[in-house]
Amino acid sequence: MVRDSAGRKLDGLGLRHAPGWRILPLIVAAMTFLAALAIAGAQGAAELGRHWQQGAASTLTVQVPRPGAPPNGAPGTPASAGETRRDRVVAVLRGTPGIAAVRPLGDAELSDLLRPWLGGTAEQLALPLPAVIAVTTTAEGPDLPALTAQLEAAAAGTLVESHGVWVQRLSLLARSLRLCALAALGLVALVAGAVIVVATRAALASRREVVETLYGLGASDFYIADRFARSASRAAALGGVAGLVLAVPVVVVLTALAAPFVSTVPVDPGLPRLDELLATLPRLPTLLFWAMPALPLSAAVIGYSAAQGAVRAWLRHLP
C-alpha cells in the first residue's frame with residue numbers, strides 16, 4: 001500500500017471514490033442490523049416455544065359441573081358430611097400419582113376469566129358455573145384414562161382437559177417462526193453479497209482503464225481481485241460493526257419485553273426501566289453472545305468472497 005507525504009494510505013485503484021463504494025458500509029450496516037434481529041428472533045422463538053411447551057405439557061384443567069352437589073356414591077368411598085363433588089374430585093386428584101399440585105380456582109378468578117367475553121356482567125350470571133381446578137403434573141404425569149375413570153366415578157360429568165393439542169401447535173408455531181427467522185437471515189446474507197457484487201462491478205466499470213493497464217503489465221488475476229476484495233472486506237466490516245452497535249440496544253430491549261413470557265419472576269407493567277435492561281444482559285442466550293459479535297466478521301468474509309468472485313468473473317472477459 002502506497003502512502004502520501006502525510007503518511008496516509010493511498011488506494012492505488014481509487015476505490016474509495018468509485019460509484020457506490022462510499023455507500024457500501026451503510027448498506028452493509030443495514031443488512032447487519034436486520035441479520036442481528038433475525039438471529040435474535042430465531043433464538044427468541046426457540047426459547048418461547050420451549051417455555052410454553054414445558055408449561056402447557058405439565059398442566060391439566062379439570063371442570064366439575066354442579067360442584068356443590070353431593071358426590072357419587074362410589075363403592076368404598078362414602079361421602080362424608082358436607083362433602084361436595086368438587087371436594088371429592090380434589091381429593092381424588094391429590095391422591096393420584098403423577099400430580100404435583102392441585103389448585104381449585106375461586107369465584108373471583110372464574111369471573112376474571114369470563115370477563116373478556118362477558119364484560120362487566122360476568123359476576124351477575126345466574127347460570128351455574130362448573131368448578132375449575134388447575135392441576136400441575138410431574139415429569140412422568142398421571143395415567144389419564146385411569147384418572148378420567150376415577151373422576152367420573154367420583155363426580156359424573158367431570159371433564160379432564162389435557163393440553164396435548166396446544167403443545168403440538170405451540171411446537172409447530174415455534175419451529176415455523178424459527179425457520180422464518182433463519183430464512184430471513186439467509187436472505188439478508190444473499191442480499192448483502194449481491195449488493196457487494198453490484199458495487200464491485202460499478203467500481204470495475206469506473207476503473208476499467210486502470211485495471212486493464214495493470215492486467216496488461218502482467219498483474220495476476222489474484223493481485224487485482226485481492227485489491228478489490230480487501231477494500232470490500234474493510235467496507236463490509238466497518239458496516240457490520242456499525243450495524244451491530246445499532247442492533248444490540250434493540251435486542252436488549254426486546255429481550256426485556258419478552259422476559260415475562262419465559263420467566264415466572266414478576267415484572268412491572270409498562271416499558272422496562274434502565275435497571276431492568278441492565279439485568280437482562282446476563283439472561284441473554286449464550287448463542288447470542290457468540291453470534292452477534294460474529295456478524296462483522298461474517299460481513300467481512302461475505303464482502304471479500306463476493307468481490308473476489310465478481311472481479312475474477314469480470315477479468316475472464318478481458319482479451
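A continuous path of ILVMFWY side-chain contacts below 4.5 Å connects Val248 to Leu34, so both sit in one hydrophobic cluster. Under a hydrophobic clustering in which Ile, Leu, Val, Met, Phe, Trp and Tyr are joined whenever their side-chain heavy atoms come within less than 4.5 Å, directly or via other members, Ile302 and Ile23 fall into the same cluster. Placement of Leu297 and Val188 in two distinct hydrophobic clusters is found when ILVMFWY residues are connected by side-chain heavy-atom separations under 4.5 Å, directly or transitively. A continuous path of hydrophobic side-chain contacts links Ile27 to Val191 [ILVMFWY only; heavy atoms under 4.5 Å]. Under a hydrophobic-cluster definition in which Ile, Leu, Val, Met, Phe, Trp and Tyr are linked whenever side-chain heavy atoms come within less than 4.5 Å, directly or via other members, Leu187 and Leu37 are assigned to the same cluster.
Considering every non-hydrogen atom in both Glu152 and Gly157, the closest pair reads OE1-N, 3.1 Å. Shortest non-hydrogen contact noted between Ile196 and Ala307 is CG2-N, 4.2 Å. When every heavy atom of Val311 is checked against every heavy atom of Ala225, the shortest pair comes out as CG1-CA, 3.5 Å. For the pair Ala242 and Ala29, the tightest heavy-atom approach, listed with the atom from each and the gap, is CB-CB, 4.1 Å. The shortest heavy-atom contact between Gly303 and Ala236 is CA-CB, 4.3 Å.
Here the SG-CG distance, from Cys180 to Leu185, works out to 13.0 Å after rounding to the nearest 0.5 Å. The CG atom of Leu60 sits 12.5 Å away from atom CG of Leu159, with the distance rounded to the nearest 0.5 Å. One distance of note links CE of Met292 with OG1 of Thr32; it measures 10.5 Å at 0.5 Å rounding. Summarising the geometry, atom CZ belonging to Arg103 is positioned 11.5 Å from atom OG1 belonging to Thr59; distances are rounded to the nearest 0.5 Å. Arg85 contributes atom CZ, which lies 4.0 Å from atom CZ of Arg66 (distance to the nearest 0.5 angstrom).
Taking 4.5 Å as the limit, every side-chain heavy atom of Thr84 sits out of range of all side-chain heavy atoms of Pro67. A heavy-atom distance below 4.5 Å is not found between the side chains of Val135 and Pro142. Val90 is listed as a side-chain neighbour of Arg86, based on a closest heavy-atom distance under 4.5 Å. Between Leu151 and Leu93 the shortest side-chain heavy-atom distance falls below 4.5 Å. Two residues are said to be in side-chain contact when any heavy atoms from C-beta on lie closer than 4.5 Å; Val28 and Val195 fail this criterion. In this structure, Ile39 and Leu295 have side chains that are in contact, with non-hydrogen atoms separated by less than 4.5 Å. Here the side chains of Leu147 and Ile99 are in contact, with some heavy-atom distance below 4.5 Å.
In this view, Ala192 and Met31 satisfy the side chain to side chain contact (heavy atoms under 4.5 Å, CB included) rule, not counting sequence neighbours. Remark: Leu182 pairs with Ala42, Arg178 by the side chain to side chain contact (heavy atoms under 4.5 Å, CB included) rule, at least two apart or across chains. Under the rule for a side-chain hydrogen bond (donor to acceptor under 3.5 Å, both in side chains), Arg201 has no partner lying at least two apart in sequence or in another chain. Judged as a side chain to side chain contact (heavy atoms under 4.5 Å, CB included), and not counting sequence neighbours, the contacts of Ala247 are Phe33, Ala36. Listed by chain and number, the residues in a side chain to side chain contact (heavy atoms under 4.5 Å, CB included) with Val241 are Val245, Pro296 (sequence neighbours excluded).
Of the possible donor and acceptor atoms, one in the side chain of Thr148 sits under 3.5 Å from a partner among the backbone N and O of Leu144.
Pairs passing the salt bridge (Lys or Arg N to Asp or Glu O under 4.0 Å) check and including a residue from residues 179-194, sequence neighbours excluded, do not occur. The side chain to side chain donor-acceptor pair (under 3.5 Å) pairs that include a residue from residues 293-311 are Asp226-Tyr304, Tyr304-Gln308, Gln308-Arg312, where partners are two or more places apart or lie in different chains.
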